[in-house]
Engineer: 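Can you keep this structure in mind? I'll have questions shortly.
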Amino acid sequence: MSSQSLSEAAGVSKAWPFEEARKLIARLATANKDEVVFETGYGPSGLPHIGTFGEVARTTMVRHAFRVLTGDTVKTRLIAFSDDMDGLRKTPDNIPNRELVSQHLGKPLTRVPDPFGEYPSFAAHNNAMLRRFLDRFGFDYEFMSSTEAYTSGRFDAALLRALERFDEIQAIMLPSLREERAATYSPFLPIHPVTGVVMQAPVLAHDAKAGTIAWRDPDSGETYETPVTGGRCKLQWKPDWAMRWCALGVDYEMAGKDLIDSVKLSSRIARALGGEPPAGFNYELFLDENGQKISKSRGNGLTIEEWLTYASPESLSQFMFQKPSAAKRLYFDVIPRTVDDYLGFLEAYPDQPWKERLGNPVWHIHSGEPPQPEALEHGDGRTSVSFAMLLNLAAVANSDNPAVLWGFLRRYAPDASPENHPRLDSLVRYAVAYFRDFVAPKKRYRLADAVEREALAAVSAKLGELPASASAETVQHALYDIARPIPRYQDLKAKGATPERPGVSNDFFNMVYAVLLGEERGPRLGSFIALYGLAETRALIDRALAGELVGAG
RNA sequence: GAGCGCGUAGCUCAAUAGGUAGAGCAUCUGACUUUUAAUCAGAGGGUCGUGGGUUCGAUUCCCACCGCGCUCACCA
């Protein structure tokens, strides 16, 4: 496992981050640059979502693969670019103070007040949300504000170049637009000197030498001559993207498949500006359970908060690593499987040769340093605990208390604890959350009839007599002895059963599950009661007999 | 109209360097604690969408076709 074999394996790895990184190396060979810039962009709404995570996570994987391929001899940067100079198109539905915001329609988001009253502007609020989001996952990035880049003059040279190539840009853009739109299209959008609105007005004239455009305000009829520099104009989206690539020297940017045409147009514009469009690829979109595109407005699919309620960020990275070029359905059911995929890869990693390690998602997820897998030690071996198993266990334990699950785990591995298995503990907590939200609400309790009430009362009385520390075995036998005399539950066909000492049929236990747990099946009752607590079980029986569970279920 | 993705076991999906198809769940069988599986062992089940081509050999590469679905064509 020398570093030699790592770099050899990296050179031929078929894992997609390496394939992407190789595109960059090829690009670098002709570009004569000493650093590589990765970019991810964010629209005006700025609110981070699961796709935001995916794009940054995937870009970070390519960046890391590139660093390994080049032996970290080339500087890399990841720019998180916020389009906060875009005009506010419509008032969002999900904000307070909508009337305040609606007075500023059309202005750059950095000049719209923050409806939440916490930041100097709406854009500042959204940008803060974005950064908090990215920081939460520990992404390494440089934040960049479009407004700041424009007003600081950082884009000035590229803007003047764009003005110079005005006609070339129009020649690229106009054929892609409908006739009526093409008639008024301008790559430059002046900021109205009086109202501050981002104007979509036809350009009457452009003067590359003076660095200005002339345009007419359609409302007042007044004409203005506005410099394209210093934040007094911004560019329309596709030219904007192209200009930014050139100004910032962006080498790599990926985008969703819905942007294929935009990437093509922006790339042509970038060449017209004398630049080379970045490498990158178009990833497939995420679909919901029914194969529909996930959209925030429709609220289908899965949100990142939902994912992180039931599984770790690493498992989400695992999902994002898998085949970006294939459409993936992203809905609740994929979580447990993805988590277990991740755990499986984590477990396989230490024993793999480099060639396979570099194709192993956990190498990419953890930037080449995946953590040790956590397994339970028991007897002569180690057992890894899968998420599916924990979900099952949570249902069996019928508890949303992690300590109860740990009680079951400790029966298996007495030395295990949340302290010495922290990641397993978080897995337990996720499983419990799943139980609480998806299993518990589906419980359907039923009322006990006269015979069942009597049996349960007898169980409760018996539990009252036993010491609180009674073993699972003791409780189990006590249950048999209670059910045995009841004709309804006698089973003469049970193994070892005699007419004098009949066996106990499943019906007894099924009754307990249905009445006490609201389930058709359940845990081995002796074990369950011993762990759940004798007093707690008696309280549960009291509630069941009082009919409280039926209402609650 | 343009650009994609996907068609593999009943279901959900794998198969990263062409070489006799795998997993999980489901189903069935057996063992075991006098019920219930965080148990163990095993079984069944697929002409890898259709038809061609390249090859000693194709689920894999190429072409065509069929089916399902998505995206774009207003704005970002």
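Just so we're on the same page: letters track the sequence lines, and every chain starts at 1.
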Engineer: Please enumerate all residues that pass side-chain contact (heavy atoms from CB on, under 4.5 Å) together with A:Ala124, with sequence neighbours excluded.
Structural biologist: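 A:Ala124 satisfies side-chain contact (heavy atoms from CB on, under 4.5 Å) with A:Tyr119, A:Pro120, A:Ser121 only.
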Engineer: Quote, to the nearest angstrom, the P distance that separates B:G49 from B:C75.
Structural biologist: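 Between the two P atoms, the distance is 41 Å.
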Engineer: Nucleotides 74-76 of chain B: which of its N/O atoms have a protein N/O under 3.5 Å away?
Structural biologist:
unit_1	atom_1	unit_2	atom_2	d
B:C74	OP1	A:Arg178	NE	3.4
B:C74	OP1	A:Arg178	NH2	3.3
B:C75	OP1	A:Arg181	NE	2.5
B:C75	OP1	A:Arg181	NH2	3.4
B:C75	O2'	A:Arg89	NE	3.0
B:A76	OP1	A:Gln236	OE1	2.5
B:A76	OP2	A:Gln236	OE1	3.1
B:A76	O3'	A:Asp86	OD2	3.0
B:A76	N7	A:Trp237	NE1	3.0

Engineer: Rounding to the closest angstrom, what is the interatomic distance between B:A14 and B:A23 at atom P?
Structural biologist: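 About 16 Å, rounded to a whole number of Å.
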Engineer: When the distance from CG of A:Leu479 to C1' of B:U33 is rounded to whole Å, what number comes out?
Structural biologist: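 A:Leu479 atom CG is separated from B:U33 atom C1' by 15 Å.
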Engineer: Just jot down the side-chain contact (heavy atoms from CB on, under 4.5 Å) partners of A:Ala255, sequence neighbours excluded, or say none.
Structural biologist: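 Testing A:Ala255 for side-chain contact (heavy atoms from CB on, under 4.5 Å), a comparison that skips the adjacent residues, returns A:Trp241, A:Leu259, A:Val263, A:Asn282.
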Engineer: Would you check if the distance from the ring center of A:Phe155 to the ring center of A:Tyr150 is below 6.0 Å?
Structural biologist: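 Yes, they do, as the ring centres are separated by less than 6.0 Å.
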Engineer: Is the shortest distance from a Lys or Arg side-chain nitrogen in A:Lys234 or A:Asp86 to a carboxylate oxygen in the other one below 4.0 Å?
Structural biologist: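 A salt bridge links A:Lys234 with A:Asp86.
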Engineer: Determine the interatomic distance between P on B:A15 and the same-named atom on B:A76; round to the nearest Å.
Structural biologist: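 B:A15 and B:A76 have their P atoms separated by 39 Å.
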Engineer: Distance between the C1' atoms of B:G19 and B:A38, in whole angstroms?
Structural biologist: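 Here B:G19 and B:A38 have their C1' atoms 40 Å from each other.
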Engineer: Have A:Asn420 and A:Asp415 got a donor and an acceptor in their side chains that come within less than 3.5 Å?
Structural biologist: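 The criterion, which ignores hydrogens and geometry beyond distance, is not satisfied for A:Asp415 and A:Asn420.
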Engineer: Run the side-chain donor-acceptor check on residues 169-180 of chain A: report pairs under 3.5 Å with partners two or more places apart or on a different chain.
Structural biologist:
unit_1	atom_1	unit_2	atom_2	d
A:Gln170	NE2	A:Tyr185	O	3.1
A:Ser176	OG	A:Met173	O	2.6

Engineer: So what stems show up for RNA chain B if we need 3 or more Watson-Crick or G-U pairs in a row, all under 3.5 Å?
Structural biologist: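 As far as RNA chain B goes, consecutive pairing (with distances under 3.5 Å) yields the stems B:1-7 with B:66-72, B:10-13 with B:22-25, B:27-31 with B:39-43, B:49-53 with B:61-65.
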Engineer: Between atom CZ in A:Phe387 and atom P in B:G24, what is the gap in whole Å?
Structural biologist: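 Spelled out: CZ on A:Phe387 to P on B:G24 is 19 Å.
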Engineer: Work out how far the P atom of B:U55 is from that of B:C70, and round it to whole angstrom.
Structural biologist: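 Looking at atom P only, B:U55 and B:C70 are 40 Å apart.
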Engineer: Listing time: all N or O pairs from protein to nucleotides 12-16 of chain B that are below 3.5 Å?
Structural biologist:
unit_1	atom_1	unit_2	atom_2	d
B:U12	O2'	A:Arg337	NH1	2.7
B:U12	O2'	A:Arg337	NH2	3.4

Engineer: I'd like to check the ring-ring contact (aromatic ring centres under 6.0 Å, His included) partners of A:His477; sequence neighbours left out, ordered by chain and number.
Structural biologist: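 Expected list: none.
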Engineer: On a whole-Å scale, what distance lies between the P atoms belonging to B:G7 and B:U16?
Structural biologist: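 Per the computed distance, 13 Å lies between those P atoms.
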Engineer: With A:Ala279, which residues qualify under side-chain contact (heavy atoms from CB on, under 4.5 Å), at least two apart?
Structural biologist: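 side-chain contact (heavy atoms from CB on, under 4.5 Å) list for A:Ala279, sorted by chain: A:Lys23, A:Arg27, A:Tyr252.
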Engineer: Judged by modelled atom types alone, do A:Thr147 and A:Thr110 share a side-chain donor-acceptor pair under 3.5 Å?
Structural biologist: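 Judged by distance alone, the side chains do pair up.
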Engineer: With C1' as the reference atom in both, quote the distance from B:G18 to B:G53 in angstrom, rounded to an integer.
Structural biologist: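 Nearest-Å result for B:G18 against B:G53 at atom C1': 15 Å.
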Engineer: In whole angstrom, give me the gap between the P atoms of B:U54 and B:C13.
Structural biologist: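 Roughly 35 Å separates the two P atoms.
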Engineer: If the condition is ring-ring contact (aromatic ring centres under 6.0 Å, His included), which residues does A:Tyr342 pass it with, not counting sequence neighbours?
Structural biologist: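 If we apply the ring-ring contact (aromatic ring centres under 6.0 Å, His included) test to A:Tyr342, skipping adjacent residues, the hits are A:His366.
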Engineer: Quick one: list whatever passes side-chain hydrogen bond (donor to acceptor under 3.5 Å, both in side chains) with A:Arg423, sequence neighbours left out.
Structural biologist: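 Here no residue qualifies.
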Engineer: Between the protein and nucleotides 2-5 of chain B, list every N/O to N/O distance that falls short of 3.5 Å.
Structural biologist:
unit_1	atom_1	unit_2	atom_2	d
B:G3	N2	A:Lys257	NZ	3.3
B:C4	O2'	A:Glu284	OE2	3.4
B:C4	O2	A:Lys257	NZ	3.2
B:G5	O4'	A:Glu284	OE2	3.0

Engineer: Under the 3.5 angstrom rule, does the side chain of A:Arg111 hit a backbone N or O of A:Gly196 as a donor-acceptor pair?
Structural biologist: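 Absent.
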Engineer: Under the side-chain contact (heavy atoms from CB on, under 4.5 Å) rule, collect the residues that match up with A:Gln322, sequence neighbours excluded.
Structural biologist: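 Scan of A:Gln322 (side-chain contact (heavy atoms from CB on, under 4.5 Å), adjacent residues dropped) gives A:Gln318, A:Lys328, A:Asp341, A:Phe345.
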Engineer: Check A:Arg484 with A:Asp481, please: is the shortest side-chain N to carboxylate O separation under 4.0 Å?
Structural biologist: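 The answer is yes: the pair qualifies as a salt bridge.
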